Every structure is written in C-alpha cells, then in structure tokens.
Undergrad: 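Would you mind keeping the following structure in view while I ask a few things?
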Amino acid sequence: MTSLLRSRNAALRSLAAILPSIGLALSFYSNHRCEYVSLQISVDWAKNTLFNGVPTLFGLWSYRGIIRDGDDFYYACITYDETWDIDGKWLAARWFSIIADVLGTLTTISIYYGISSSKMSENLWRGLGFCCIAISAVQGLTLVFMNGNICSVLEQKAIVGRIVISSGCEIAAAAKTTIAAVIIWSLNAILLWSKSKSLTLSRI
C-alpha cells in the first residue's frame with residue numbers, strides 16, 4: 001500500500017469517526033436544551049402589572065421561564081410540571097428524541113469499534129449507514145414539537161404567574177441544531193455507504 005493510499009484511508013477513518021461524534025453532540029444539545037422554539041409573551045404578575053413582548057424559550061423537556069425573587073427577575077430552565085398540557089405531538093417528539101439519543105450513542109460506539117478493529121465487514125458498515133439515516137429521520141421528526149400544544153395554546157400556567165402567548169412560534173437554537181444534526185447524520189450515512197469497502201480494507 002502506497003503512502004498516498006495510507007494517508008487517504010487514515011483521512012477516511014478520521015472523517016468516519018468525526019461525523020457521528022458531531023451528529024451525536026448536536027442531537028443531545030437539541031433534545032435537551034430549553035430553547036427549541038421562541039415565543040413573544042406577555043406576563044401578568046400578581047400585581048396586575050403587564051409586561052409586553054417578553055421573549056422566552058421552550059424545549060422538549062424544559063422551558064426558559066422568568067423566576068421572581070423579591071423585586072428581582074431572572075431567566076432559568078424549568079422542567080415542565082403536570083399543569084402543562086403535553087399533547088400527542090409533543091409526547092411523540094420526546095420519544096423521538098430518546099430514540100435518537102440511544103440509537104445515536106450505540107451507532108457512534110459501533111463506528112468507533114469498527115475503526116479500531118479489523119472485524120467489520122462491508123455489509124456491517126453499510127448497516128451502520130442505514131442506522132445513521134434512521135437517526136437522521138428520527139431526529140428530524142422531533143420537529144413535530146412545533147406543531148403541538150406549545151405553539152397553539154393561548155394560555156399556560158407558569159411558576160411566576162400567568163403567561164399569555166402573544167405571538168406564534170419562531171425557530172430557536174435547538175431546532176436549528178436539529179436541522180444541522182439531520183444533515184450531519186445523513187452525510188455520515190452517505191460516507192459509510194459509498195466507502196464501506198475502503199473502510200473494510202483499512203487498517204490502523
């Protein structure tokens with residue numbers, strides 16, 4: 001094997017390891033941050049003082065709420081409690097996020113194992129490519145969250161009082177990260193499909 005071929009295979013193995021690592025990190029960030037969608041809200045405090053256009057963020061598992069501490073107010077990620085109306089689409093998005101996290105972790109570990117050993121066949125590499133495309137699809141399906149109650153409900157009870165939503169959902173950082181994760185997992189699937197033979201023949 002020439003030095004050029006060795007260098008090319010080393011670069012291929014590195015890319016095959018880097019892409020799922022990035023995809024997994026993006027998936028975890030997207031699925032567990034409290035900033036999937038952004039809403040402009042009005043907050044009706046106990047003193048009947050109204051603050052218009054207060055931005056806040058909502059994720060699959062927690063939201064960025066306004067906490068009142070005496071005369072001070074600050075933002076924090078707050079886990080949803082039983083007072084929130086979590087509908088079927090919201091619940092489905094949560095399950096999709098769990099599947100994406102678990103399948104993404106197992107696939108990434110399998111890819112690392114394949115890169116560090118000589119026991120992976122060409123068919124197994126292609127199978128991992130199908131796993132990557134499945135992760136991409138499931139991660140993308142978490143976007144159904146934006147079609148659930150969180151973006152259509154007119155009123156929700158929060159810790160600090162009553163929140164009245166005054167505008168529709170806008171895509172926030174975690175949702176944008178979901179789109180990036182979908183792209184990365186898809187690229188990794190294409191890589192494993194197209195270079196499965198080269199990865200099988202590669203040796204560290």
Side-chain angles (χ1 to χ4, degrees), residues 1-37 57-62 88-148 169-204:
M1 182 183 291
T2 64
S3 59
L4 179 60
L5 186 57
R6 288 195 186 97
S7 298
R8 188 183 69 177
N9 285 338
L12 178 62
R13 291 193 300 271
S14 298
L15 185 60
I18 290 171
L19 284 178
S21 301
I22 295 174
L24 186 61
L26 292 174
S27 290
F28 269 95
Y29 177 91
S30 172
N31 294 336
H32 300 285
R33 292 292 296 175
C34 60
E35 48 191 53
Y36 205 97
V37 295
L57 298 159
F58 295 83
L60 301 178
W61 301 93
S62 61
K89 291 180 180 178
W90 191 342
L91 187 61
R94 284 184 166 187
W95 276 108
F96 289 139
S97 73
I98 293 172
I99 295 170
D101 288 346
V102 173
L103 186 57
T105 299
L106 294 176
T107 300
T108 301
I109 291 172
S110 298
I111 289 173
Y112 277 128
Y113 173 77
I115 291 171
S116 62
S117 72
S118 59
K119 299 179 180 179
M120 294 283 281
S121 68
E122 188 173 348
N123 286 336
L124 285 176
W125 280 115
R126 288 176 178 170
L128 288 175
F130 282 108
C131 288
C132 289
I133 207 67
I135 298 164
S136 176
V138 173
Q139 185 64 52
L141 285 171
T142 63
L143 290 168
V144 301
F145 174 62
M146 297 187 69
N147 292 326
C169 286
E170 295 180 1
I171 190 170
K176 294 175 182 177
T177 306
T178 284
I179 297 171
V182 167
I183 294 171
I184 293 297
W185 284 115
S186 298
L187 289 175
N188 198 55
I190 294 170
L191 175 68
L192 297 184
W193 287 335
S194 62
K195 300 297 182 182
S196 58
K197 185 174 182 179
S198 297
L199 288 166
T200 302
L201 297 175
S202 297
R203 296 292 185 273
I204 292 180

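Predicted model, so just to flag it, every value in this text is computed and none were measured.
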Undergrad: The criterion is side-chain contact (heavy atoms from CB on, under 4.5 Å); which residues satisfy it with Ile98, sequence neighbours excluded?
TA: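 Ile98: side-chain contact (heavy atoms from CB on, under 4.5 Å) contacts with Trp61, Trp95, Val102.
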Undergrad: Residues in side-chain contact (heavy atoms from CB on, under 4.5 Å) with Ile18, at least two apart?
TA: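 Applying side-chain contact (heavy atoms from CB on, under 4.5 Å) to Ile18 gives Ile22.
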Undergrad: Provide the closest heavy-atom pair for Glu170 versus Met146 in the form atom of the first, atom of the second, distance.
TA: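 Nearest pair, atom of Glu170 first, then Met146: C-CE, 4.5 Å.
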Undergrad: Regarding Thr177 and Ser30, is there a side-chain donor-to-acceptor distance under 3.5 Å anywhere?
TA: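 Ser30 and Thr177 do not have a side-chain donor-acceptor pair below 3.5 Å.
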Undergrad: Are any non-hydrogen side-chain atoms of Pro20 and Tyr112 less than 4.5 angstrom apart?
TA: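 A side-chain contact is absent here, since even the closest heavy-atom pair is not under 4.5 Å.
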Undergrad: Looking only at non-hydrogen atoms, find the nearest pair between Asp101 and Thr105 and report the distance.
TA: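 Here Asp101 and Thr105 meet closest at O-OG1, 2.8 Å.
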Undergrad: Please round to the nearest 0.5 Å and tell me the distance separating atom CG of Leu192 and atom CG of Leu128.
TA: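 Spacing of CG (Leu192) from CG (Leu128) equals 6.5 Å.
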Undergrad: Identify the two heavy atoms, one from Ala181 and one from Gln139, that lie closest to each other, and give their separation to 0.1 Å.
TA: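 Heavy atoms of Ala181 and Gln139 come nearest at CB-CG, 4.1 Å.
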Undergrad: Output a table of donor-acceptor pairs, distance under 3.5 Å, between side-chain atoms of residues 131-138 and any protein atom two or more places apart or on a different chain; print 'none' if there are none.
TA:
from   : atom 1 : to     : atom 2 : distance (Å)
Ser136 : OG     : Val182 : O      : 3.0
Ser136 : OG     : Ser186 : OG     : 2.8

Undergrad: What residues, two or more places apart in sequence or in another chain, satisfy side-chain contact (heavy atoms from CB on, under 4.5 Å) together with Ala93?
TA: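 Ala93 satisfies side-chain contact (heavy atoms from CB on, under 4.5 Å) with Leu60, Val144, Phe145 only.
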Undergrad: To check you understand the geometry: which heavy-atom pair defines the closest contact between Thr142 and Asn31, and what is its length?
TA: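 So the two residues come closest at CG2-OD1, 4.0 Å.
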Undergrad: Could you list the residues that satisfy ring-ring contact (aromatic ring centres under 6.0 Å, His included) with Phe28, not counting sequence neighbours?
TA: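 Here the qualifying residues are His32.
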Undergrad: Between Thr107 and Trp185, is there a side-chain donor-acceptor contact under 3.5 Å, judged purely by atom types and distance?
TA: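 No, Thr107 and Trp185 have no side-chain donor paired with an acceptor closer than 3.5 Å.
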Undergrad: Would you please test Ile111 and Asn188 for side-chain contact (heavy atoms from CB on, under 4.5 Å) and show each step?
TA: CA-CA 11 Å; Ile111 289 173; Asn188 198 55; 3.5 Å; yes
Undergrad: So, using ring-ring contact (aromatic ring centres under 6.0 Å, His included) as the criterion, who are the partners of Phe130 when residues are at least two apart?
TA: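 With sequence neighbours excluded, Phe130 shows a ring-ring contact (aromatic ring centres under 6.0 Å, His included) to Trp193, given in chain and number order.
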Undergrad: Looking at Leu57 and Cys34, what are the two nearest heavy atoms and their distance?
TA: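 Looking at all heavy atoms of both residues, the shortest contact is CB-O, 3.3 Å.
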